[in-house]
Asks: 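The structure's right below; bear with me while I get my questions together.
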Amino acid sequence: MPVEPTPEVGRRIAVARRARRLSQADLAARAHVSLSMLRKVEQGTRLPGDDTLDAIAAALGLDPGRLLADQTRRDGRVRAALPALSAAIAGYDIPDSPATGPTRDPDELERAAADAERWRLEAQYVRLAQAAPALVADAVAGLHAARGAERERAARVLVSAARSGDAVAYKSGAHDLSARLIDVMRWAAAWTNDPLADATTAYVRTETFFSARAYAAGLRALEHALDQTPTVVDPRTAAARGALHMRAAVIAGRAGDADTAATHLGEARKLADGLREGVYGGTAFGPESVRVHRVSVAVSLGGDHAAGALRLADTWRPSESLPAERRSGYYIELARAQMWCARLDQAFTSLQAARHAAPQHTRGHPWARETAATLRRLRRADAEALTSFAEWIGAV
């Protein structure tokens, strides 16, 4: 696989290592690579292969994509996982033979699914892509092998694993594969005996309606899911209902239904009041997430509503504790509103903030690419920096 000029990779590794107060010897030991090799990589005289890069990234606790400046190489590593991910679900509803059972025990699978969920929320798509095919395959086999009460646990793991696999597919533009993984989620959710698993699946399924621009149908599906979701008895049910309301508000905005969007956003705000921001059932929810969705709804409605997004942004920024993918999405949508309101320098600043939060998510987002292309055409920001950004995101 082609590699980028290595001084940039080596510099990033050295910066990350020093930030963690590790010596070269410390990092070499953690990564199980020779000290001599690490020195050459940091100096830019040695090409780090994928295995070496993965080992160093793991030792630093980073997605390998964070160390790469070459987005083509990064994107290629994510797309390379798609055939194996497709194969993992080809016969998901066909019971395995005993000889093809899971390679990990239930505790290991549960931990692996939790790791994948964390990488998904932080938009660490290279790391996620590397793990997802085997995780999904094992989770499918684990559900078929489980018996009794363990089947519900195995089904929850598969719902989570398929959702992580869907993130790889959807962000890569493989929407047919994404829809198939959502079907796996729906199938597995039925085995969990947990209506909140159905709510999670309905939330994720909205991607298919966004992709098809079938906004009215998507809104109906979410409102049906809300009818089926239990009334609030604890933070978990509050977050499940709140997330569905947030999603319904955005898709109502895309449908141009401002009143329905406002109603769902109001319900989400009520459910977030008094609830600590956090990740519930794999979805971030709380006061900050609702604020992010206020901007998203305004941008979805477009036109005169963009000014409302800017008023919120003038007094608030998402905290670093919010998952990286959600922060990135906020800045991408804010940039769109700023561009519409002729705040072109601010729009470019927001795109840069989105890239800093989650570069892979930003580069794959069509609105980020469209905004960058428009800003470059208008040439109202720093021309050299903007051209460099536009080239990076594929807008030129």
Asks: Do Leu244 and Ile251 share a hydrophobic cluster, counting only Ile, Leu, Val, Met, Phe, Trp and Tyr and linking them when any side-chain heavy atoms are less than 4.5 Å apart?
Replies: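 In one cluster: yes.
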
Asks: Establish whether Tyr92 and Val157 are linked, either directly or via other cluster members, by ILVMFWY side-chain heavy-atom contacts under 4.5 Å.
Replies: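 No, separate clusters.
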
Asks: Using atom types as modelled and distance alone, determine if a side-chain donor or acceptor of Arg11 lies under 3.5 Å from a backbone N or O of Glu42.
Replies: no

Asks: Can you tell whether the side chains of Arg156 and Glu110 come within less than 4.0 Å, N to carboxylate O?
Replies: no

Asks: Return yes if some donor-acceptor pair links the side-chain N/O of Thr371 with the main-chain N/O of Ala368 below 3.5 Å, else return no.
Replies: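 Flag not set: sc Thr371 to bb Ala368 has no pair under 3.5 Å.
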
Asks: Please round to the nearest 0.5 Å and tell me the distance separating atom NE2 of His144 and atom CD1 of Ile94.
Replies: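 The NE2 atom of His144 sits 8.0 Å away from the CD1 atom of Ile94.
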
Asks: Consider only side-chain N and O atoms of Glu288 and Tyr330, and report whether a donor and an acceptor are under 3.5 Å apart.
Replies: no

Asks: For residues Ser321 and Glu277, is any side-chain donor paired with an opposing acceptor at under 3.5 Å?
Replies: no

Asks: Any chance you could lay out the salt bridge (Lys or Arg N to Asp or Glu O under 4.0 Å) test for Arg336 and Glu370, step after step, and finish with the verdict?
Replies: CA-CA 9 Å; Arg336 194 172 175 86; Glu370 179 185 317; 3.2 Å; yes

Asks: Under a 3.5 Å distance rule, please check whether Thr263 uses its side chain to pair with a backbone N or O of Asp259 as donor and acceptor.
Replies: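 Between the backbone of Asp259 and the side chain of Thr263 there is a qualifying donor-acceptor contact (under 3.5 Å).
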
Asks: Give a yes or no answer on whether the side chain of Ser211 reaches the backbone of Glu207 with a donor-acceptor pair at less than 3.5 Å.
Replies: yes

Asks: Are Val290 and Val295 linked, directly or through other ILVMFWY residues, by side chains that come within less than 4.5 angstrom of each other?
Replies: no

Asks: With the threshold set at 4.0 Å, does a side-chain nitrogen-carboxylate oxygen contact exist between Asp314 and Arg311?
Replies: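 Judged by the 4.0 Å cut-off on N to carboxylate O distance, Asp314 and Arg311 do not form a salt bridge.
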
Asks: Arg120 side chain to Arg163 main-chain N or O, any donor-acceptor pair under 3.5 Å?
Replies: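 Pair absent, no side-chain N/O of Arg120 close to backbone of Arg163.
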
Asks: For Glu333 and Ser296, which I'm curious about, is there any donor-acceptor pair between the side chains at under 3.5 Å?
Replies: yes

Asks: Let me check something: do Val159 and Leu128 share a hydrophobic cluster, defined by ILVMFWY side-chain heavy atoms less than 4.5 Å apart, either directly or through other members?
Replies: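 Each belongs to a different hydrophobic cluster.
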
Asks: Are Ser164 and Glu117 linked by a side-chain donor-acceptor pair shorter than 3.5 Å?
Replies: no

Asks: Check whether Tyr280 forms a cation-pi arrangement with Arg236 (NZ or CZ under 6.0 Å from the six-membered ring centre, at most 45° off the ring normal).
Replies: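 Pair Arg236/Tyr280 does not count as cation-pi.
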
Asks: Applying a strict under-4.5 Å side-chain criterion to I, L, V, M, F, W and Y, I'd like to know whether Val126 and Leu82 cluster together.
Replies: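 They do share one cluster, since a chain of ILVMFWY contacts under 4.5 Å joins Val126 to Leu82.
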
Asks: Hey, would you say the His361 and Trp367 ring centroids sit under 6.0 Å apart?
Replies: no

Asks: Is the number of heavy atoms from other residues, nucleotides or ligands under 6.0 Å of Arg118 CZ greater than 12?
Replies: yes

Asks: Can the ring centres of Phe348 and Phe389 be said to be less than 6.0 Å apart?
Replies: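 Close enough - the centres of the two rings lie under 6.0 Å apart.
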
Asks: More than 12 non-hydrogen atoms from neighbouring residues, nucleotides or ligands closer than 6.0 Å to CG on Asp234, yes or no?
Replies: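 For Asp234, atom CG is crowded (more than 12 foreign heavy atoms under 6.0 Å).
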
Asks: Has Asp26 got more than 12 heavy atoms of other residues, nucleotides or ligands less than 6.0 Å from its CG?
Replies: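 Enclosed.
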
Asks: Are there over 12 heavy-atom neighbours, none belonging to Arg151, within less than 6.0 Å of that residue's CZ?
Replies: yes

Asks: Please determine whether salt bridge (Lys or Arg N to Asp or Glu O under 4.0 Å) holds for the pair Asp183 and Arg180, giving the CA-CA distance in whole Å, both sets of side-chain angles, and the decisive distance to 0.1 Å.
Replies: CA-CA 5 Å; Asp183 283 342; Arg180 289 167 53 209; over 6 Å; no

Asks: State plainly whether the residues Glu150 and Arg153 are in salt-bridge range, i.e. N to O under 4.0 Å.
Replies: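 A salt bridge is present here (some side-chain N lies under 4.0 Å from a carboxylate O).
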
Asks: Below 30° counts as parallel, above 60° as perpendicular, anything between as tilted: where do the rings of His264 and His245 land?
Replies: tilted

